[in-house]
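Report on one structure; see the data block that follows.
In this text, all values refer to a predicted model and were calculated from it rather than measured experimentally. As a basis for the values below, the full set of heavy atoms in this structure was taken, side chains included, without hydrogen atoms, waters or symmetry mates.
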Amino acid sequence: MSLVIIVLAYLIGSVPFGLVVGKIFYGVDIRQHGSGNLGATNTFRTLGKKAGIIVTLGDILKGTLAASLPVIFHYHGINPLIIGLVAVIGHMYPIFAGFRGGKAVATSAGILLYASPLLFVAIIIIFGISLKISKYVSLSSMLTAVIATVLSFIIEFKKGDDYILTYILIVLTIFVVYRHRANIKRIKNKTEPKVKF
């Protein structure tokens, strides 16, 4: 059963909402525009707000659905957060899109939505504030991932939990930073695009 759930989580994570929405509703392959990334940020820039919101929600819910699979299948042999992590890997390296996917941010947030809705709301607020100040989506994403990890540690320390959420968030933060390595270079060179409000 563990293998079935893991494979299913990977396939869920592999659904390329940016590609699907772009091709079906706009006749556009967003991989050929903007940054070439399949994530929500490039969708916003390439296709507009409506498409960007749809892709963002889809990518978030992939993580939430995947983390819910052990509960759905009434299987307790593996931690749901680990299954969510598999979906993030699918999002980054989707089998349905030539293993060229997104940057792990929205699907990682979906895992948080499953594990700690209050923390999920907190990171949305933190991301919004950071984006408003910096105007950089990439920087805000990385900063939010780091802060989410710190907050999860504080929460689990106070509750006396086993820190599994913190461990998962550390891995997810590494994913997020690694996937944004090109953005980090552009920020240093002051060539990273800023959002316009």
Shortest non-hydrogen contact from [X] to [Y]?
X    : Y    : result
T46  : G34  : OG1-N, 4.3 Å
A148 : L169 : O-CD1, 3.6 Å
P16  : F96  : CD-CB, 4.0 Å

How about [X] and [Y]: do any of their side-chain heavy atoms sit closer than 4.5 Å?
X    : Y    : value
L119 : L113 : no
P80  : L69  : no
P94  : R100 : no
K62  : D59  : yes

(message) Among L65, I5, L8, exactly one meets side chain to side chain contact (heavy atoms under 4.5 Å, CB included) together with I72. Which residue is that?
(response)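 Among L65, I5, L8, the one that satisfies the side chain to side chain contact (heavy atoms under 4.5 Å, CB included) with I72 is L65.
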(message) Can you tell me which residue among I60, V55, L57 is in a side chain to side chain contact (heavy atoms under 4.5 Å, CB included) with F17?
(response) V55
Ignoring hydrogens and angles, tell me if any N or O in the side chain of [X] forms a donor-acceptor pair with the backbone of [Y] under 3.5 Å.
X    : Y    : answer
R181 : Y178 : yes
R31  : N37  : no
S116 : L112 : no
T191 : I187 : no
N42  : L38  : no
T173 : A145 : yes

(message) Could you tell me if K103 and H180 have a donor-acceptor pair between their side chains, going purely by distance under 3.5 Å?
(response) no
(request) Would you check if there is a donor-acceptor pair between the side chains of Y114 and S68 at a distance under 3.5 Å? (result)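 Looking only at side-chain atoms, Y114 and S68 do not form any donor-acceptor pair under 3.5 Å.
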(message) L143 vs I126, test: side-chain contact (heavy atoms from CB on, under 4.5 Å). Steps then yes/no.
(response) CA-CA 9 Å; L143 180 62; I126 291 167; 5.6 Å; no
(message) Test side-chain contact (heavy atoms from CB on, under 4.5 Å) on F157 and Y163; report intermediate values, then the result.
(response) CA-CA 8 Å; F157 177 79; Y163 299 103; 3.2 Å; yes
(request) Apply side-chain contact (heavy atoms from CB on, under 4.5 Å) to the pair I30 and L47, showing each step before the final yes or no. (result) CA-CA 8 Å; I30 67 169; L47 304 177; 3.7 Å; yes
(message) Can you tell me how far apart OG1 (T144) and CD1 (I129) are? Round to the nearest 0.5 Å.
(response) 9.5 Å
(message) Holding to side chain to side chain contact (heavy atoms under 4.5 Å, CB included), I want the full list of residues that pass it with V171, two or more places apart in sequence or in another chain.
(response) L85, F175
(request) Could you tell me which residues satisfy side chain to side chain contact (heavy atoms under 4.5 Å, CB included) with K188, sequence neighbours excluded, listed by chain and number? (result)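 Side chain to side chain contact (heavy atoms under 4.5 Å, CB included) check on K188 returns I184.
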(message) Check for me, please, whether V150 and M142 land in the same ILVMFWY cluster - side-chain distances under 4.5 Å, paths through other members count.
(response)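 No: no chain of side-chain contacts under 4.5 Å links V150 to M142.
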(request) Could you go through the side-chain contact (heavy atoms from CB on, under 4.5 Å) check for K135 and L131 one step at a time? (result) CA-CA 5 Å; K135 303 295 190 296; L131 185 60; 5.8 Å; no
